[in-house]
Asks: 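Quick one: this structure, given as structure tokens, is what I'll be asking you about.
Owing to the predicted nature of the structure, the values given are computational and were not obtained by experimental measurement. Quick note on labels: first sequence line is chain A, next is B, and so on, each numbered from 1.
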Amino acid sequence: MQRYNPKEIEPKWAKIWDETGVYTTDLNSSRPKYIGMSMFNYPSGAGIHIGHAMNYTISDVKARFKRQQGYESYHPVGWDAFGLPAENYAIKTGVSPQESMANIIPGYHKQYKAMGWSNDWEKEIATHLPEYYKWSQWIFCEMYRHGLVYQDSRMQWWCPIDNTVLANEQVIDGKCWRHDGPDDPPVEKREIKQWFFKITDYADELLEATDRLDWTESVKLAQKNWIGKSSGAEIDFALENSSKKIKVFTTRPDTIFGATFLVLAPEHELVQQITGEEQKAEVDKYVKAAIAKSEVERQESKEKTGVFTGAYAINPANDEKIPIWIADYVLTGYGTGAIMAVPGHDQRDNEFAKKYDLPIIETVEAYTFDEENPPKKGKPNTKRNVAICVVKDKEGKFLTLKWNKLDWHNFVMGGVEEGEELIKAAKREIAEETGYTDVEFKSRMPFALNSVFYAAHKDVNRDIRVDVLLFKLKSDKKQEVKLEAHEDFEPVWIEQSKLRSLHPIGGLDYIVRWIEEGDYVYAGEGRVIDSGEYDGLSTSEAREKIVTDLEKQGVAEEKVNYRMRDWSVSRQRYWGAPIPIIYCKKCGPKLVPDEDLPVILPELTDFTPTGDGRGPLARAEDWLKVDCPKCGGPAERETDTLDTYVDSSFYMLRYFDPRNQEAIFDSKIANKWAPIDFYNGGDHATAHMLYARFVTRFLNKIGKINNPEPFKQFLFNGKVSASDGSAFSKSKGNGIDPLEIISQGYGADALRTYLMFAAPLELGARWDPQGVPGTYRFLNRLWNLVEEFAHSKPLETRDSAKDEILRAAHKMIKKVTEDIEANRYNTAIAAMMECVNDFYRLKVAEFGNNAIWRKALESLVACVAPFAPFIADELWQQLGHSSSVHKDSWPKWDEKYLQADTVKIAVQVNGKLRAEIEASTDATETEITKLAKANDNVKAHITGKKIIKTIYVPGKLVNLVAQ
RNA sequence: GGGGAUGUGGCGGAAUUGGUAGACGCGCUAGCCUUAGGAGCUAGUGAGGCAACUCGUGUAGGUUCAAGUCCUAUCAUCCCCACCA
């Protein structure tokens, strides 16, 4: 018998797999296809880390599982080779990125193979090779030809260290993603001319299709938020004494009667024109300061600031004259860069109005609904005004009424008579019901509550309007309380913290929030008031009607806005695909003709950015000078390179046809292989995924591919964290090197199995130094089991434990098959461990070379194979196979073996477990109940009691309800 | 501020439709065995109690014959977005 020695068998099998090409995919195979992959790797000098080990093992297990099931399974591999780290390394050391990639990537080959990942190396891709980035450039051209590319000057994030433009997502907490240390400077803004992809043209369809994706829910949500669709209207506000107008975007046109001022972003184009002489100095100062500030600094100061322009606009809804302010809480890049401020129903406008003493008008009342007593159809409606009287004493306690026989405990409240003044009515109620007479009115909740409900005692629908008033108890002075016969209640003072436990009337939540927070801007839906002809409408009705009416006057239109901006693809850097554009003085910017693609990135010796906004490519003078493709005159190439997200937005499709020199891919092959069946990763869940979807949709539109979505299933897996729960980081030096774990003697199999076993994939494993030894022990037990079997004597007699062996094996097959399918790898491994334990227990009775044991062990080895491929192939061979376990070996389970003769039934008395009985599988309810009652312990608990109910759950439990 | 997720032994985590809480692994305890190893095998391991039994899934209520699971409130941790009108 041999001992389990991963150090010996793993390199052996890696070599065999390499030589025999087990993982080479036939893209034209007639088998059903399966393609599973993880986000491709950025090659760095450091080699793979534990996070890579996690990510690629997840997709590898999936691909191997399908390969064993008979699919033509494809686990592609590639390198996201362009990007800043290699370039910065070049700046530092003078080693060109081309050279460092050539040094680094072969090292990765060895590491990937040592991890046992079943990649198809024949189809390897790398984004920095001209044969690949030709297609990055081609996509740029194709988008250009379809009107999806434009050039514009924009204020852009600028990293003062790298001297380059940054994308929004590369700015983290106000600093460059690569320089986010405490001593690093914040990012700046600079105006730069750059190329954009019009992804916003696809915003709606990207959003609309998101719901149907089989993706991790949180990622879908992040995509939706990123797109950030909001529907509303653009409304023109005419300027007073001028023909000019200001266009605002709002999602709440229903609140237009509450719009008491306008606010423009400091960068708004009209600011200069409308500012009055008197205000000019101050406005200029404010605008200058706002522009100089980075957006991050603006966000840091939470306090709203702004200045009055001196100009007025006319509210088109009511012709009121309202002042125009500028403030930096209004962003220039969203909507029209101008808003109508509704301080009555918007938190931000409210803060601003309070600070600068601008009028606040409420035009929306809350509408609440009593779900327990919905209005009944056909009953008359009776309207009523009601006051809720919140009385607070000196100790901060609140006066409530508690009914003695009813389930009712709440504030003092009562009807307001016709023509009666609200505060007077409230005081009267307080005095009548509680006796307190010395109360002082403090404030009224800024919006009323409306509710329609069925009042059973009067058999009518009540339509009530509730005002909430706060009073202060000045003294304990009381009058005599004369209660009517049905009024059986008493006043109770309660703490503020107990307010939420009052009887749940509709709107209680608003009232408590108003009491707790002092002021509370109601931004919800409801009923419109003080809005002229629209009074009484619901906010959604008013929204529609107001926009329609304003549209008729030609001053409004419905409008959808997206938070998402167009995709800036220009980078002032060297290490990327050159943007295929030629600038001609005569003809302007022209595309490089397709036949001249790729535009090869020239070799340089100096990689530092020029610092003038142009990238290092400006230094390649020979390369720079070129003839204009249109007029043939002297021209210059674009010196910007493409954002690396462009390269990674289509790589998954390039895998379908990686060597094609004539096209990005052959549509026939792509249509067979798309979409990617399984994709996973622990980063880039928003931007990369959205860009990949955008580009795929584009290729679908131009007829290159049938499926508009690239990824059928996406699993956003968790990261591996250190044993104390913190993240691994270079600076802490607490990283785990997968190759070191392997070379320590545990092997890749034990490492892979541990990573997949430690936690659900979405959660991410926590590194436990004892974890790999644990899965190693499991593999070792499996090894010894098979070895012992292989060396055992033939067992002629029928196996006495046959049924149990088969049941253990088939239970395991079922669980593992279903769990891998559903991405529950941790419980799949647990099932295999359980099976090994079962086999150890069973082999005590009888173990030897017969068909049953052989079959059982074979299925176990096959199920282990996706997780621990090396040991599986070795043991598969031990079991007498000459072909690899990694193809067409997946076992099937048979339900008939899963049935046992007897089942254990739990017996409860009043819901408490009292016994466990064994009954035959086909026993009837009566038989089982009888058996249960016969149990001694059960007897002890039911004697002297009457069994009033028996609940029987077939095959599981009996619950005797005794009294 | 907004949105989302998660709270279960000493630890990582299991638990279809509500139906025996703690699968599996780590750690720990005891015993066995031996080529004395980073080994293997067997048994035990939520808490309290001699026991019957009682308590137990962040906290407080509720629904139910029965709640980790459903409802209400609340606390904590983590992640994402962050003045988007």
Side-chain angles (χ1 to χ4, degrees), chain A residues 3-4 217-219 221-222 224-226 228-230 232 248-252 255 259 263 295 298-299 301-302 304 327-331 333-342 345-349 351-352 497 500-501 504 509 523 561-565 685-686 718 723 725 744-746 753-754 757-760 762-763 765-778 780-781 784 824 826-837 840-841 844 904-916 937 940 948-962:
Chain A
R3 292 186 62 170
Y4 174 41
E217 228 23 70
S218 61
V219 173
L221 208 84
K224 288 199 218 169
N225 290 341
W226 177 276
K229 179 180 183 168
S230 61
V248 304
F249 174 72
T250 177
T251 55
R252 293 296 300 273
T255 61
V263 186
E295 217 150 298
R298 282 201 210 175
Q299 286 169 20
S301 56
K302 276 169 204 149
K304 303 259 178 301
D328 64 7
Y329 79 93
V330 174
L331 308 177
Y334 184 78
T336 62
I339 61 156
M340 63 177 212
V342 184
H345 300 291
D346 183 282
Q347 183 66 43
R348 296 154 301 181
D349 299 342
E351 280 170 35
F352 193 81
S497 60
R500 279 179 199 277
S501 63
D509 204 45
N561 259 313
Y562 298 93
R563 170 179 304 215
M564 182 169 69
R565 313 290 158 88
T686 315
S723 43
Q744 273 171 12
Y746 290 113
T753 308
Y754 170 67
F757 174 65
E762 309 80 53
L763 235 101
R766 184 179 285 208
W767 185 258
D768 176 356
Q770 297 300 326
V772 175
T775 45
Y776 176 87
R777 270 197 284 277
F778 156 65
N780 193 38
R781 275 161 70 81
N784 290 335
R824 291 188 299 252
N826 58 332
T827 49
I829 293 167
M832 294 187 285
M833 289 173 165
E834 226 173 327
C835 184
V836 168
N837 292 345
Y840 265 76
R841 192 169 42 77
V844 176
K904 277 178 184 162
I905 307 258
V907 185
Q908 297 181 337
V909 177
N910 290 334
K912 292 215 159 132
L913 185 68
R914 295 303 176 193
E916 197 174 72
N937 199 31
I948 53 170
K949 202 171 178 183
T950 304
I951 285 109
Y952 173 61
V953 182
K956 290 235 161 126
L957 67 71
V958 177
N959 187 9
L960 305 169
V961 185

Asks: For B:rG2, which nucleotide is its Watson-Crick or G-U wobble mate, given both distances must be under 3.5 Å?
Replies: B:rC80
Asks: Is there a Watson-Crick or G-U wobble partner for B:rG49 with both distances under 3.5 Å, and which nucleotide is it?
Replies: none
Asks: Roughly how far apart, to the nearest Å, are B:rU16 and B:rG68 at atom C1'?
Replies: 15 Å
Asks: Give me the distance, rounded to whole Å, that separates B:rA76 from B:rA85 when you measure between the P atoms they each carry.
Replies: 30 Å
Asks: If you measure from the P atom in B:rA67 to the same atom in B:rC81, how many Å do you get, rounded?
Replies: 41 Å
Asks: What is the minimum heavy-atom distance between A:Tyr754 and A:Arg766, and which atoms define it?
Replies: OH-O, 2.8 Å
Asks: Taking A:Arg914 for its side chain and A:Ala940 for its backbone only, find out whether a donor-acceptor pair lies under 3.5 Å.
Replies: no
Asks: Would you name the heavy atoms of A:Leu913 and A:Ala906 that are closest together and state the gap between them?
Replies: CD1-CB, 3.7 Å
Asks: Donor-acceptor pair, A:Tyr329 side chain versus A:Phe352 backbone, under 3.5 Å?
Replies: no
Asks: If the P atom of B:rU17 is compared with that of B:rC79, how far apart are they to the nearest Å?
Replies: 30 Å
Asks: Can you tell me the Watson-Crick or wobble partner of B:rA73, both distances under 3.5 angstrom?
Replies: B:rU59
Asks: Give me the distance, rounded to whole Å, that separates B:rG9 from B:rG25 when you measure between the C1' atoms they each carry.
Replies: 14 Å
Asks: With a 4.0 Å limit, can you tell me whether A:Thr950 has a side-chain N or O closer than that to the phosphate oxygens OP1/OP2 of B:rC65?
Replies: no
Asks: Rounded to whole angstrom units, what separation is found between the CD atom of A:Gln347 and the C1' atom of B:rG2?
Replies: 12 Å
Asks: Where is the tightest heavy-atom contact between A:Asn910 and A:Val961, given as atom of each residue plus distance?
Replies: OD1-CA, 3.4 Å
Asks: So A:Ser230, base contact, sugar-phosphate only, or nothing? Heavy-atom distance under 4.0 Å.
Replies: sugar-phosphate
Asks: What one-letter contact string describes nucleotides 35-46 of chain B from 5' to 3', where B marks a base within less than 4.0 Å of any protein heavy atom, S marks contact via sugar-phosphate atoms alone, and - marks no contact?
Replies: ---BSSSS----
Asks: A:Thr950 and A:Val958: which non-hydrogen atoms are nearest, and at how many Å?
Replies: CG2-CG1, 4.0 Å
Asks: Heavy atoms under 4.0 Å, any strand shown: does A:Gly771 hit a base, just sugar-phosphate, or nothing?
Replies: nothing
Asks: Taking NZ from A:Lys912 and C1' from B:rG56, how many angstroms apart are they, rounded to a whole number?
Replies: 11 Å
Asks: Roughly how many Å apart are B:rG56 and B:rG61, using the P atom of each and rounding to a whole number?
Replies: 11 Å
Asks: Counting only Watson-Crick or G-U wobble pairs whose two distances fall under 3.5 Å, which nucleotide matches B:rG19?
Replies: B:rC65
Asks: A:Tyr334 side chain: which of B:rG4, B:rA85, B:rC83 is closest?
Replies: B:rA85
Asks: Going 5' to 3' along nucleotides 8-23 of chain B, which nucleotides have protein heavy atoms under 4.0 Å from the base (write B), which only from the sugar-phosphate (write S), and which from neither (write -)?
Replies: ----BSS--B-BB--B
Asks: Search all heavy atoms of A:Arg252 against all heavy atoms of A:Met340 and return the closest pair with its distance.
Replies: O-CE, 3.6 Å
Asks: Without decimals, in angstroms, what is the distance between A:Asn837 CG and B:rG25 C1'?
Replies: 10 Å
Asks: Across the strands shown, which category fits A:Asn937 at heavy-atom distances under 4.0 angstrom: base, sugar-phosphate, nothing?
Replies: sugar-phosphate
Asks: Is there a Watson-Crick or G-U wobble partner for B:rC41 with both distances under 3.5 Å, and if so, which one is it?
Replies: B:rG31
Asks: Taking atom P of B:rC65 as reference, at what distance in whole Å does atom NZ of A:Lys949 sit?
Replies: 5 Å
Asks: Send over the distance from A:Leu221 CG to B:rG2 C1', rounded to a whole Å.
Replies: 12 Å
Asks: Do A:Arg781 and A:Asn837 have side-chain atoms, one donor and one acceptor, less than 3.5 Å apart?
Replies: yes
Asks: Can you tell me how far P of B:rA85 sits from CG of A:Asp328, to the nearest Å?
Replies: 18 Å
Asks: Can you check the distance between B:rG22 and B:rC71, where both ends of the measurement are the P atom (answer in whole Å)?
Replies: 25 Å
Asks: Could you work out the separation of B:rA15 and B:rG7 based on their P atoms and round it to a whole Å?
Replies: 11 Å
Asks: Could you let me know what B:rA85 is paired to, Watson-Crick or G-U wobble, both distances under 3.5 Å, or none if it's on its own?
Replies: none
Asks: Does B:rG2 have OP1 or OP2 sitting under 4.0 Å from an N or O in the side chain of A:Asn225?
Replies: no
Asks: Mark yes or no for whether A:Asp346, through its side chain, and A:Ala341, through its backbone, hold a donor-acceptor pair below 3.5 Å.
Replies: no
Asks: Could you check how far CZ of A:Arg914 sits from P of B:rC65, rounded to whole Å?
Replies: 18 Å
Asks: Donor-acceptor pair, A:Asn561 side chain versus A:Ser230 backbone, under 3.5 Å?
Replies: no
